[in-house]
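Lettering follows sequence order; numbering is per chain, from 1. All values reported here derive from a predicted model rather than from experimental measurement. Hydrogens, waters and symmetry mates play no part in the numbers below; they use all other heavy atoms, side chains included.
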Amino acid sequence: MKRTHKCNQINSSLIGQEIAVAGWIHRRRDHGGVIFFDIRDEGGLVQVVYNPDLEDTFSIAESCRNEYVVFSAGIVRERPEGTVNDNLSSGEVEIVASDLEILNHSKPLPFQLDEYTSAGEETRLKYRFLDLRRSEMQQNLRLRSNASTYLRDYLNNKEFIEIETPLLTKATPEGARDYLVPSRTFPGSFFALPQSPQLFKQTLMASGFEKYYQFAKCFRDEDLRADRQPEFTQLDIELSFTDADEIMNLITEMIRDVFKKTLDIDLDKFPKITYREAIEKYGIDKPDLRNPLELLEVKSLFKNCDFKVFNDPANDEDSRIAAIRVPNGKSLTRKQIDDYTAFVGNYGAKGLAYIRVEDPSKGKEGLQSPIIKFIEDEIIESLMKNLDAKEGDIIFFGAGKRNIVNDSLAALRDLVAKDLDLLTCEWAPCWVIDFPMFEKNNSGNLTPLHHPFTAPKCSVEDLKIDPLGALTDAYDVVLNGTELGGGSVRIHDQEMQRTVLNLLSIDDDEAEEKFGFLISALQHGCPPHAGLAIGFDRMIMLMTDSDSIRDVIAFPKTQTASCLLTDAPGQAAQDQLDELHIRFHGLEKEE
RNA sequence: GGACCGGUAGUUCAGUUCUGGUUAGAACGCCGCCCUGUCACGGCGGAGGUCGCGGGUUCGAGUCCCGUCCGGUCCGCCA
């Protein structure tokens, strides 16, 4: 006999029928004279009752343990008065068993799967196959599957086609460290796993596929974070004959569609913020717009101030002085402020100045702060006026090098909002646009903010004259302070491409060697094109309200990029290494 | 490369600093017995420990010191 129903299909409409279920023993309750099983399958739970009058079946039930895999048949019956379980969808009924078969035994589990206990992540990852039985993980991966289905539907309906690109490929200049795969047939040569399919998708545009997408596995050998894995999935999209606005409209609609269909959430408008404005107001290019706090520029007020901590940055071009006014921040304790000071220290800030506003009508007397005694009365007065300080406010200041002030206050803004529960809504998407083309890295060289195939908004000539001033048609989509994805209008003109590469100190020979195929494609009738990629794992992480990207990936890696389930990476056999002509330097050979 | 948090029973944790000291505890799980309406069933009893690993200080170390490994959060890195 086979199973006739999934557990979530069982309800009072089946009363009187003989049915059969199969699944795991989620819990057993042995009363000596009667035994209850909650049998779990991927749909849900159902209670099965074993009575002692069926001796054989009852004795099998007595021998069963949690997580045994069983088959059981019986009659669906209304539960006796007063024993209905409202927590189960099948809770009005139960199965009175006539048959029970053990399909597989189970050793006692290393950790419990119920929702009342929690296992550490190390244990969960080691026994990932058990962890994935838990309903939270089941729901996360099901939502992930649903979301990818809706996204595919959306794009397919708009006449996109999905094309796969190779995993064994060549290093592309995305800036991250590559994962390398040695070639057997070309001793000493390596494939690189793609950091993204960027060059392939542009090549596909040259091939005349005008609307492309792909759920693409990407690999980056960099240090991990809660939202970063060495291999991850991008929804990669590229279109010909389009522009930035069309892409942003398409993606806005797509994201709203998937949120609606998956979670029944109506996302609000996606406001557009320029990069410059984002840095100015939030200190970061992926602002959490649920957070009402903003950075206020107060640099000009301190130009003639005697207080060195403020005066120096006020007169330095690369510095910034910004304030965050926290309404009702007076509830913050001295200890919290000390913690904040240590916190901004992580970002290189040397301290955290603050002013408590006790009574703004009393001028300086109504303020409490370790720094005001160093600052002239008139400056304080105009500062309070500029910031529109109100009773109960606390004002934090960041003063120093521009990037340190931005980084530390951006992080502080998030932390304070979290501690004081200031978020104004659940979902706040936005687009960040008008990114600069280049920035200077630590060694003073130009590096692309996005990547070197992003089209500047200016001409070749203007780009050469003022590369740091050039803006691009790049756009990032940001949700709740997380960068969901980004893209740009691409360069389709070989002259512009050469100029950009030359500005990055990549000469024609090197360009030819590294991505000659793209240059060649640009030379043979490549249409104007643009696209973007969505960080699919991150999107699912937000949709499931998970703290970590690992909770939406079936088999993730640890922070040191190992897999606790498979014990990967592992050693290679000597004959494999010999075939690849690989020998180790400076490594103690194990054993 | 750096900062911080954690590692004690199968699991989740307490005990660890200020203050080292007899036999390292709890809960859940597990095992046994009892229990005919429970649903995180209940009752009684029991087993279960290389206190991550190595070294040091000490009469004595889970506890103090040094090193190291593993897991996590973050900075750097990464778009």
Side-chain angles (χ1 to χ4, degrees), chain A residues 26-39 45-53 58 65-67 77 79-88 90-91 94 96 107-127 130 174-178 195-196 198 218-230 232 234 285-286 339 342-349 404 407-408 411 415 432 435 439 441-442 447-451 454 474-478 482-488 532-535 538 547-548 550 557-560 562 564:
Chain A
H26 189 63
R27 248 189 285 275
R28 48 189 286 280
R29 292 176 291 280
D30 183 346
H31 288 243
V34 61
I35 298 172
F36 301 97
F37 285 177
D38 289 341
I39 291 184
L45 292 174
V46 69
Q47 171 165 287
V48 186
V49 190
Y50 299 90
N51 287 310
D53 43 323
F58 190 77
R65 292 295 178 265
N66 283 340
E67 297 300 311
R77 162 176 92 179
R79 289 199 186 191
E81 179 117 25
T83 64
V84 167
N85 185 344
D86 293 330
N87 297 323
L88 294 185
S90 63
E94 62 192 10
V96 186
K107 286 163 58 170
L109 264 36
F111 59 96
Q112 287 155 260
L113 304 184
D114 61 65
E115 58 271 42
Y116 306 99
T117 48
S118 61
E121 189 159 10
E122 204 169 345
T123 312
R124 289 174 52 205
L125 290 178
K126 181 170 176 193
Y127 297 97
L130 297 178
E174 248 102 2
R177 196 178 292 113
D178 285 312
Q195 296 178 28
S196 82
Q198 182 62 33
C218 304
F219 304 85
R220 290 174 193 169
D221 188 6
E222 294 293 345
D223 288 342
L224 308 185
R225 292 285 188 278
D227 64 351
R228 269 161 39 184
Q229 280 278 299
F232 59 98
Q234 282 188 345
D285 61 359
K286 44 177 183 175
D339 288 348
F343 176 76
V344 296
N346 290 337
Y347 299 86
I404 291 179
D407 291 351
S408 55
L415 185 61
V432 179
F435 284 80
E439 61 185 348
N441 68 8
N442 294 334
T447 56
L449 222 68
H450 200 63
H451 55 56
T454 302
Y475 30 81
D476 278 1
V477 59
V478 174
T482 295
E483 182 195 328
L484 265 193
S488 60
L532 103 172
I534 300 284
R538 278 187 193 169
D547 291 328
S548 155
R550 296 183 297 277
K557 306 279 189 291
T558 66
Q559 193 160 53
T560 51
S562 73
L564 297 181

*Asks:* Across all strands shown, which nucleotide pairs with U38(B) by Watson-Crick or G-U wobble geometry, both distances under 3.5 Å?
*Replies:* none

*Asks:* May I ask you to verify if any side-chain N or O of Arg28(A) is less than 4.0 angstrom from the OP1 or OP2 atom of C30(B)?
*Replies:* no

*Asks:* Please enumerate all residues that pass salt bridge (charged side-chain N to carboxylate O under 4.0 Å, His left out) together with Asp38(A), with sequence neighbours excluded.
*Replies:* Arg29(A)

*Asks:* Reading nucleotides 6-12 of chain B 5' to 3', which nucleotides get B (base under 4.0 Å from a protein heavy atom), which S (sugar-phosphate only), which -?
*Replies:* ----BSS

*Asks:* Main chain of Asp53(A), side chain of Asn51(A): is a donor-acceptor contact present, judged purely on distance under 3.5 Å?
*Replies:* no

*Asks:* Pick the closest RNA chain B nucleotide for Arg177(A) and for Ser548(A) by heavy atoms, then say which residue is nearer the 5' end.
*Replies:* Ser548(A)

*Asks:* Which nucleotide in the set C39(B), C74(B), A79(B) lies at the smallest distance from any side-chain heavy atom of Gln559(A)?
*Replies:* C74(B)

*Asks:* Sticking with atom C1', work out how far G1(B) lies from U8(B), rounded to a whole angstrom.
*Replies:* 32 Å

*Asks:* Quick check on RNA chain B: between Thr560(A) and Tyr116(A), whose nearest nucleotide comes earlier from the 5' end?
*Replies:* Tyr116(A)

*Asks:* So which nucleotide does C4(B) pair with, by the Watson-Crick or G-U wobble rule with both distances under 3.5 Å?
*Replies:* G72(B)

*Asks:* Does any nucleotide pair with C78(B) by Watson-Crick or G-U wobble geometry, both distances under 3.5 Å, and what is it?
*Replies:* none

*Asks:* By ring pair (Phe, Tyr, Trp, His ring centres under 6.0 Å), which residues pair with Phe219(A), not counting sequence neighbours?
*Replies:* none

*Asks:* Tell me which nucleotide among C39(B), C75(B), C78(B) gets nearest to the side chain of Arg228(A).
*Replies:* C78(B)

*Asks:* Would you please confirm or rule out a distance under 4.0 Å between OP1 or OP2 of A79(B) and any side-chain N or O of Ser488(A)?
*Replies:* no

*Asks:* Which residues satisfy the salt bridge (charged side-chain N to carboxylate O under 4.0 Å, His left out) test with Glu222(A), sequence neighbours excluded?
*Replies:* Arg177(A)

*Asks:* Taking only the C1' atom of each, what is the distance from A26(B) to G37(B) in whole angstrom?
*Replies:* 31 Å

*Asks:* Taking side chain to side chain contact (heavy atoms under 4.5 Å, CB included) as the test, write out the residues that go with Arg77(A), two or more places apart.
*Replies:* Glu94(A), Val96(A)

*Asks:* What residues, two or more places apart in sequence or in another chain, satisfy ring pair (Phe, Tyr, Trp, His ring centres under 6.0 Å) together with Phe36(A)?
*Replies:* His31(A)

*Asks:* For Asp30(A), answer base if it contacts any base atom (sugar-phosphate contacts may also be present), sugar-phosphate if it contacts only those atoms, and nothing otherwise; contact means non-hydrogen atoms under 4.0 Å.
*Replies:* base

*Asks:* Closer than 4.0 Å, any side-chain N/O of Arg27(A) to the OP1 or OP2 of C41(B)?
*Replies:* yes

*Asks:* Taking only the P atom of each, what is the distance from A24(B) to C51(B) in whole angstrom?
*Replies:* 11 Å

